[in-house]
Amino acid sequence: MNAPANISVIKSWAAPAISAAGRPFDLVVLVLPGFSHLALHAYLEPFRIANTVSPLPLFRWGIAGLDARPIEGANGLSVAVDFAIDELVLGAEDRRPNQLAIMTGVPVERQLTPELNGFLRTMARRGVPISAVGTATWLLARTGLLAGTRCTIHWSRLAAFAEVFNQARVSDCLSRTASIQPAQENWQPSTWPWI
């Protein structure tokens with residue numbers, strides 16, 4: 001058994017990283033059918049832990065879907081959706097997330113709809129940083145947002161990705177942050193192939 005953490009000591013050195021507006025950093029996780037629950041929770045848990053050890057909430061997150069229906073993961077369990085992507089597109093500027101992460105399932109090759117393509121391109125134009133976890137890099141490449149950008153993808157799709165998307169500079173490293181600047185100087189999609 002692990003010894004319990006001394007939370008009061010940890011909280012004393014945890015520095016709040018509240019956004020410039022004095023609000024927690026807002027994360028939106030776009031979950032698509034067949035996503036990995038392991039990847040979703042591995043992505044969110046560090047933010048939850050940071051909130052636990054900080055005297056102030058540092059992060060807020062919500063689950064987005066193509067519509068308001070629950071999304072079924074690869075293991076058959078569904079997650080509730082906090083909002084549909086059209087709510088993010090039509091939402092007020094002050095509700096724009098600080099980060100958008102995409103989690104998708106297999107077959108990723110068939111998950112990019114015209115609606116999703118438009119949504120991802122709109123978020124990029126608005127300067128929202130976009131992260132792709134696992135195989136979701138495929139979606140960003142299909143939108144054209146990764147042209148000329150270094151990126152990576154889940155190992156099971158690495159060879160196919162390199163063949164199909166010759167404009168993205170694919171790498172087989174564990175994690176890669178891609179920096180491209182479509183409409184705003186600070187926009188940086190990143191691809192995380194864990195799980």
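Looking at residues two or more places apart in sequence or on another chain, you find a side chain to side chain contact (heavy atoms under 4.5 Å, CB included) between E72 and S78.
For the pair P129 and N98, the tightest heavy-atom approach, listed with the atom from each and the gap, is CD-O, 3.2 Å. The shortest heavy-atom contact between L66 and L30 is N-CD1, 4.5 Å. Across all their heavy atoms, A84 and A68 have their closest contact at CB-N, 4.1 Å. What you find for A141 and L146 is that their closest heavy atoms are N-CD1, 3.8 Å. Closest approach of A42 and P46 over heavy atoms only: O-CD, 3.2 Å. Residue Q99 comes nearest to I130 through the heavy atom pair NE2-C, 3.9 Å, listed as atom of the first residue, atom of the second, then distance.
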Are R126 and V89 close enough, and set up right, to give a side-chain contact (heavy atoms from CB on, under 4.5 Å), and what steps lead you there? CA-CA 10 Å; R126 291 182 180 173; V89 171; 4.2 Å; yes
Does H41 form a ring pair (Phe, Tyr, Trp, His ring centres under 6.0 Å) with Y43? I'd like the steps, not just the answer. CA-CA 5 Å; H41 296 288; Y43 180 78; over 10 Å; no
V164/R142 under side-chain contact (heavy atoms from CB on, under 4.5 Å): CA gap, chis, key distance, verdict: CA-CA 10 Å; V164 173; R142 288 265 318 267; 6.0 Å; no
Please step through side-chain contact (heavy atoms from CB on, under 4.5 Å) for the pair T122 and L88, ending with a clear verdict. CA-CA 10 Å; T122 298; L88 291 171; over 6 Å; no
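Within the model, atoms CH2 of W138 and OG1 of T143 stand 13.5 Å from one another, a figure rounded to the nearest 0.5 Å. Rounding to the nearest 0.5 Å places OG of S131 at 8.5 Å from CD1 of I102. The distance from the CZ atom of F35 to the OG1 atom of T135 is 12.5 Å, given to the nearest 0.5 Å. To the nearest 0.5 angstrom, L40 atom CG is 11.0 Å from W61 atom CH2. A distance of 13.5 Å separates CG in L77 from CD1 in I71, rounded to the nearest 0.5 Å. Taken from CZ in R23 to CG in L58, the straight-line distance is 14.5 Å, to the nearest 0.5 Å.
M123 places none of its side-chain heavy atoms less than 4.5 Å from the side chain of I85. With a 4.5 Å cut-off on side-chain heavy atoms, L112 and L120 count as touching.
Looking only at distances, no side-chain donor or acceptor of S54 sits under 3.5 Å from a matching main-chain atom of A50. No donor-acceptor pair closer than 3.5 Å links the side chain of R96 to the backbone N or O of V128.
Of the options L44, L27, D26, I49, a side-chain contact (heavy atoms from CB on, under 4.5 Å) to F59 is made by L27 and by none of the others.
Annotation: salt bridge (charged side-chain N to carboxylate O under 4.0 Å, His left out) contacts involving residues 40-55, sequence neighbours excluded, comprise E45-R48.
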